[in-house]
Amino acid sequence: MSPPDVTLTGRRIVYPFGGTMYKTHACGSLRPEHIGQRVSLAGWVNRRRDHGGLTFIDLRDRSGIIQIIANPEISSESHQIVEEVRNEWVLQVEGIVQRRPKDMENPALPTGEVEVEVDKIHVLNQALTPPFPINEETEVDEMLRLKYRYLDLRRQRMQYNLELRYRMVKYIRDFLDERGFWEVETPILFKTTPEGARDYLVPSRVHPGEFYALPQSPQQLKQLLMVAGVERYFQIARCFRDEDQRGDRQPEFTQLDLEMSFVEREDVMAITEELFSSMVEELVPEKSTFAAPWPRLTFQEALARFGRDDPDIRFGLELKDLSDLAVDCGFKIFERAVESDGEVRGINAKGCGEYSRREIDELTEFVAEFGAKGLAFLAVDEGGEHRSSFSKHMGPERIQAVLDRLEAQSGDLLLFVAGQPQVVFESLGRLRVYLADRLGLRDPDVLAFCWVIDFPFVTWNEEEGRWDPSHHLFTSPLPEDIPLLDTDPSHARGQQYDMVLNGLEVGGGSIRIHDRGLQEKVFKLIGLQPEVARARFGHLLEAFEYGTPPHGGIAPGIDRICRMFAGESHIREVIAFPKNQAARDVMANAPSPAEAEQLKELHLRLVD
RNA sequence: GGGGGUGUAGUGUAGCGGUUUAACACGCUGGCCUGUCAAGCCAGAGAUCGCGGGUUCGAAUCCCGUCAUCCCCGCCA
């Protein structure tokens, strides 16, 4: 059999496979060139159209659909069998590929110019009526889909998603292989992660009272591989975190774990950009992306312009700082905000000047969820008249300055939030995305990658009264900011980079600390006693004593990126067997109670 | 951990205090049909309206509880 001939046909990547005892060809591969050939096919009944005499069957396999025609004048036996057949039965058929009669072609099918007139049909298996339609894309209750996941996956949308994901992972392997990376597997049974999310624990039978933990990521191991001289490592790594679920989170997920020696952050970013930009071109050419280099935003810039550190840069509606104009402006709410170390920022909702009071109230309620005490507005009507919640308190020159700052034109709606920076950014950042959705500005065919860099190295933990690392313990600060660790830690920046796609954080990484002195300085800064550090990270710290190269890496989330490529809104749709919102596998019913016997063997006793 | 939405034949929905014997579409079953491809036509089966309690002369409809599920916040790199 010849190697797969990969072509893109619509959303499906179709290639022929066959040449087994059951089928000479894949259903979706038949074309006019096969006319006259005797073929055997096998697949599922997608649909049956019974004309009493002639009966048509759409036979479906992974590659696509072909029309089978059972003519009683050709084979009465086959025609009789076809009478009994129902949707989703598994058939093997034999017959001759024929050109369809004139005007009977189906342009909707890639195989639509031909059909197979059968003379032999074998029912390989019967099927119950499925609990939801397999042959059309209808909305189905989520729990039902998960319960019958094997049927859900039979549907075209899910087959596309499964294949897309496979292509992504294969593309990654090929791409990195060409650049000298080795894929190395790391343990699933490993050690508890001191910081971060909750661990999944695995009791040890042979060591009573002791536990493995499933890795939250192979972070420590990939750094050890750098010490080991691997220089360029990657892994399609399964990661486990026992936290509550969200639309873009699962208890287990997959990341492209990648680490390189003798690199600076630009090196890691460059190879990541090249990987994913070329992948978009290759796998989802119908989508457009920004060519490398992707836009780089500092953390401060991301906040100032978009209100978030995971900005969606596909559209404008950017935030503008108006704090300087708020001083003595006459509008008490703005003035007080600035006086109490707060600020005033606004966005220009282009073309929303006609919004009713009620619609604006709705926006106000929206930002209230994120702590905004109110939402000041200024609608610029045609002819320069204003409708505003504050213009009567503010002089005309100051209003003009506000209009200029937000580049307002007639028909625009300007929206303002005043308060503490955190609240201003959060509420306007959310409002910006909310408005973009309302205005249809988030083009699903654009994949806008960007980098956010120069994150604060540490953040102040109010509850514990100490500095916490923003990324993780082994992230290196920017070399020029190292002196700040002693004098002004809040202004030190880390060599961290977040990979953001359409407003979703899809990966993060950093250049790591490979110098013992600097590592100790960082431990000291975050209040980690040397003894405690040794207990938690002893193996790692010891390893670092034996000649550690400068290194850094990144971990792009495969599930999230795949779901964006597939145009899906949940990573569930690109995972073959996902868990539901409550972290339960409803198909297999996991987790489930353990047998008393098993518990005993594991030296475990349930407390309630 | 907190908040919100949803739950009606196999599926997707309508009905939201009484002319409902719970409706429609798809699916399912049977019949007719030789060019359909969401085939068509005819007939039919299929629902104690998630579960429990309450209000009422009367509850799918209102209230309380509970379960399931989805979403948001918290949590989470």
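In the text below, chain A, chain B and the rest are named by the order of the sequence lines, each starting its count at 1. Because only heavy atoms are used, hydrogens play no part in the values below, and waters and symmetry mates are left out as well, while side chains stay in. Values in this document were obtained by computation on a predicted structure and should not be read as measured data.
Across the P atoms, B:G1 and B:A45 are found 49 Å apart, a figure rounded to whole Å. Using C1' as the reference atom, B:U61 and B:A14 are 13 Å apart when rounded to the nearest Å. Between the C1' atoms of B:C49 and B:U20, the separation comes to 12 Å (whole Å). Distance check on atom C1': B:G10 versus B:U21 gives 23 Å, rounded to whole Å. Atom C1' of B:U13 sits at a distance of 23 Å from the matching atom of B:C51, rounded to the whole Å. Between B:C67 and B:A22, the two P atoms lie 31 Å apart (nearest whole Å).
Remark: A:Q581 is in phosphate contact with B:C71, judged by side-chain N or O atoms under 4.0 Å from OP1 or OP2. Checking the phosphate oxygens (OP1, OP2) of B:U36, no side-chain nitrogen or oxygen of A:R49 falls inside 4.0 Å. OP1 or OP2 of B:C73 lies within a sub-4.0 Å distance of a side-chain N or O belonging to A:R430. Phosphate proximity of B:C71 to A:R572: present, with a side-chain N or O under 4.0 Å from OP1 or OP2. Between A:N580 and B:U69, a side-chain N or O to OP1/OP2 separation shorter than 4.0 Å is present. A:R86 has no side-chain polar atom (N or O) that falls below the 4.0 Å cut-off from OP1 or OP2 of B:G27.
A centroid separation of 6.0 Å or more is found between the aromatic rings of A:W44 and A:W89.
Each of B:U69, B:G27, B:A39 was ranked by its minimum atom distance to the side chain of A:R47; first place goes to B:A39. Here the side chain of A:E136 is nearest to one of B:U36, B:C26, B:C76, namely B:C26. Minimum atom distance to the side chain of A:P72 is reached by B:U34, of the listed B:G35, B:C28, B:U34. Nearest to the side chain of A:M143, among B:A68, B:U36, B:A77, sits B:A68. Considering only side-chain atoms of A:R100, the nucleotide from B:C28, B:U36, B:A77 that sits closest is B:U36. Which of B:G12, B:U34, B:C37 sits closest to the side chain of A:N106 comes down to B:C37.
Residue A:H471 is in base contact, counting any heavy-atom pair closer than 4.0 Å across all strands shown. Across all strands shown, A:H570 has heavy atoms under 4.0 Å from sugar-phosphate atoms exclusively, and none from any base. Residue A:L144 is in sugar-phosphate contact alone, with no base atom involved, counting any heavy-atom pair closer than 4.0 Å across all strands shown. Counting non-hydrogen atoms under 4.0 angstrom, A:P131 reaches the backbone sugars and phosphates but no base. At the heavy-atom level, A:T475 lies nowhere under 4.0 Å from the strands shown.
Applying the 3.5 Å distance criterion, the base of B:C76 shares a donor-acceptor pair with the side chain of A:R249. Side chain A:R246 to base B:G74: a donor-acceptor pair is found below 3.5 Å. If you check distances only, the side chain of A:D141 never reaches the base of B:G12 with a donor-acceptor pair under 3.5 Å. In terms of polar N and O atoms assigned as donor or acceptor, the side chain of A:E115 comes within less than 3.5 Å of the base of B:G35 in a complementary pairing. Side-chain N/O atoms of A:Q67 and base N/O atoms of B:U36 include a donor-acceptor pair closer than 3.5 Å.
Under the Watson-Crick or G-U wobble criterion, with both distances below 3.5 Å, B:G58 has no partner in any strand shown. In a base pair of the Watson-Crick type (N1 to N3 plus N6-O4 or O6-N4) or a G-U wobble (N1-O2 and O6-N3), with each distance short of 3.5 Å, B:C51 is matched with B:G65. If you check B:A77 for Watson-Crick or wobble pairing at under 3.5 angstrom, you find it has no partner at all. Searching all strands for a Watson-Crick or G-U wobble partner of B:G10 with both distances below 3.5 Å returns B:C26. Across all strands shown, B:C32 forms a Watson-Crick or G-U wobble pair with B:G40, both key distances being under 3.5 Å.
One N or O on the side chain of A:S78 and one on the backbone of A:D119 form a donor-acceptor pair closer than 3.5 Å. Counting only distance, with no hydrogens or angles, the side chain of A:D559 and the backbone of A:T254 share a donor-acceptor pair below 3.5 Å.
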Side chain to side chain donor-acceptor pair (under 3.5 Å) between A:Q67 and A:N106: does it pass, once the steps are laid out? CA-CA 10 Å; A:Q67 176 163 280; A:N106 185 352; over 6 Å; no

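In this structure, the aromatic ring of A:H51 is positioned over the six-membered ring of the base of B:A39, centres within 5.5 Å and planes within 30°.
Residues A:E568 and A:N161 bring a donor and an acceptor atom of their side chains to less than 3.5 Å of each other. A:T186 and A:Q235 share a side-chain donor-acceptor pair at under 3.5 Å.
Computed from coordinates, the A:D103 CG to B:U36 P distance equals 10 Å when rounded to whole Å.
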